[in-house]
Amino acid sequence: MVNRTASAPPSSSPPSPSLPSAVAPGAVFDWLDETAGQRARAGLTRTLRSRPADDPVLDLAGNDYLGLTRHPAVTRAAADAALRWGGGATGSRLVTGTTSLHTELEEELAAFCGAEAALVFSSGYTANLAALTALTDPDTLIVSDAHNHASLIDGCRLARAEVHRAPHGDPQAVAAALAGRTRRRALVVTDSVFSVDGNAAPLAEHAAAARRFGAALLVDDAHGLGVLGPGGAGAPAAAGLAGAPDLVTTVTLSKSLGSQGGAVLGPRRVVRHLTETARTFIFDTGLAPAAAGAALGALRLLRAEPGRAERAREVARLLAARLTAAGLHASRPDAAVVSVRAPGPEAAVAWAAACRRAGLAVGCFRPPSVPDGVSRLRLTARGDLTDDQITDAVRIIAATAPDDGPGSVGA
């Protein structure tokens with residue numbers, strides 16, 4: 001009889017790491033204190049701040065691009081929806097979470113953006129995860145812009161596809177990646193407007209590269225809907241791509257539409273596929289009726305008053321021009337986002353705090369939230385700002401600039 005155990009070759013696997021000795025129950029999270037200390041030393045501590053409903057501070061930090069969150073037509077639509085349908089959707093969209101309100105919102109949103117169909121999600125984040133995971137497989141190459149939003153990055157991580165990180169805003173690099181692919185399918189993924197500096201992606205060029213090499217194009221239009229395109233129909237509409245058969249667009253309802261939620265827009269077969277396969281749609285509770293009602297109310301208001309989109313862009317241009325004239329390094333806005341560079345993370349935090357004390361709320365972006373590692377103040381150019389409010393905002397930002405002087409902030 002052969003002794004198979006004795007004749008087996010020695011294992012080449014590394015030895016198992018020794019397990020730590022037993023510790024007190026509360027000590028299992030001691031490592032969190034260590035990492036918190038590391039973040040504090042790097043100036044990357046983050047804290048929550050509750051704001052009152054009647055906060056007197058001028059808000060240039062949120063994403064209410066058109067100033068519709070508190071518009072009477074929007075709040076009334078939200079209240080009416082809650083009174084009619086209740087506080088929640090009661091279940092996932094495929095069970096009890098789809099109301100006639102959700103269907104109305106999807107139909108009107110698709111028509112407004114020029115798409116065949118739309119599918120509403122509980123957030124723009126879950127919409128991006130759905131599109132990236134359901135529209136790709138192991139035989140797919142994803143070509144993703146280096147500055148894409150975290151939700152797109154996470155979607156790429158969750159997808160089973162090969163992922164290529166393309167240089168920011170570079171259609172030639174996208175084309176080169178597509179030309180050299182070994183996978184049967186390909187998907188080009190980009191924000192329409194990048195949330196840090198507010199610069200727009202070259203959508204027409206990306207679309208041409210994708211079409212040349214038989215790829216689909218996925219555009220996250222979170223910062224374009226309501227601001228770009230005719231009457232705010234979005235960046236794909238501005239680029240002449242609305243309704244293209246090889247285009248999928250994701251949007252959020254929490255910015256220009258002043259509500260909450262997200263949506264995927266595109267060909268009907270894409271929406272059907274997501275309805276039947278996207279995990280963040282199938283297993284997530286439907287968007288609350290109040291949020292659906294508010295978004296629908298805002299969408300109808302935007303259709304009735306298309307000049308709101310142009311006003312948001314005008315406010316952004318005014319902010320950037322006046323901040324630049326004050327000696328600050330302000331980005332050139334393509335939509336409604338303006339950023340002002342800071343010398344570093346600590347300076348950015350102190351600057352934003354000083355602005356708040358002076359009556360102005362601004363965003364503060366630091367690593368790892370910024371793809372280029374440069375800390376900034378981020379301003380939302382709301383379309384409902386008056387000229388006096390714009391003047392006050394610029395005055396406060398310039399007056400509270402870091403001690404080394406406005407001119408050196410952009411260094």
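Since the model is a prediction, treat every value here as computed from it, not as a measurement.
- Every residue meeting the side chain to side chain donor-acceptor pair (under 3.5 Å) condition with Thr126, not counting sequence neighbours, appears here in chain and number order: Ser123.
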Under 3.5 Å, which donor-acceptor pairs do the side chains of residues 79-92 form with other protein atoms, sequence neighbours left out?
from: Asp80; atom 1: OD1; to: Arg76; atom 2: NH1; distance (Å): 3.2
from: Thr90; atom 1: OG1; to: Thr96; atom 2: OG1; distance (Å): 2.8

Under 3.5 Å, which donor-acceptor pairs do the side chains of residues 114-121 form with other protein atoms, sequence neighbours left out?
from: Glu116; atom 1: OE1; to: Arg268; atom 2: N; distance (Å): 2.9

Would you give me the side-chain donor-acceptor pairs under 3.5 Å for residues 253-267, sequence neighbours excluded?
from: Ser254; atom 1: OG; to: Thr252; atom 2: OG1; distance (Å): 2.7
from: Ser256; atom 1: OG; to: Leu225; atom 2: O; distance (Å): 2.7
from: Ser259; atom 1: OG; to: Ala291; atom 2: O; distance (Å): 2.6

Using atom types as modelled, flag every donor-acceptor pair under 3.5 Å from a side chain in residues 294-301 to any protein atom, sequence neighbours excluded.
from: Arg300; atom 1: NE; to: Glu108; atom 2: OE1; distance (Å): 3.1
from: Arg300; atom 1: NE; to: Glu108; atom 2: OE2; distance (Å): 3.3
from: Arg300; atom 1: NH2; to: Glu104; atom 2: OE1; distance (Å): 3.0
from: Arg300; atom 1: NH2; to: Glu108; atom 2: OE2; distance (Å): 2.6

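- Sorted by first and then second residue, the pairs that involve residues 31-54 and meet side chain to side chain donor-acceptor pair (under 3.5 Å), not counting sequence neighbours, are Arg46-Ser369.
- Among pairs with a residue in residues 249-277, none fulfils ring pair (Phe, Tyr, Trp, His ring centres under 6.0 Å), at least two apart in sequence or across chains.
- Checked options Ser375, Pro402, Cys364; the residue passing with Trp351 is Pro402 (criterion: side-chain contact (heavy atoms from CB on, under 4.5 Å)).
- Evaluation of the side chain to side chain donor-acceptor pair (under 3.5 Å) test over residues 198-209, restricted to residues two or more places apart or in two chains, returns His168-Asn199.
- The ring-ring contact (aromatic ring centres under 6.0 Å, His included) search around Phe112 returns none, not counting sequence neighbours.
- Checked against side chain to side chain donor-acceptor pair (under 3.5 Å), Arg366 has no partners two or more places apart in sequence or in another chain.
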Report task. Could you walk me through whether Val74 and Thr69 pass side chain to side chain contact (heavy atoms under 4.5 Å, CB included), step by step? Result -> CA-CA 7 Å; Val74 176; Thr69 295; over 6 Å; no
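- Identified under the side chain to side chain donor-acceptor pair (under 3.5 Å) test for residues 174-184, with sequence neighbours left out: Asp139-Arg184, Glu162-Arg183.
- Considering only residues two or more places apart in sequence or on other chains, Thr391 meets the side chain to side chain donor-acceptor pair (under 3.5 Å) condition with Arg322.
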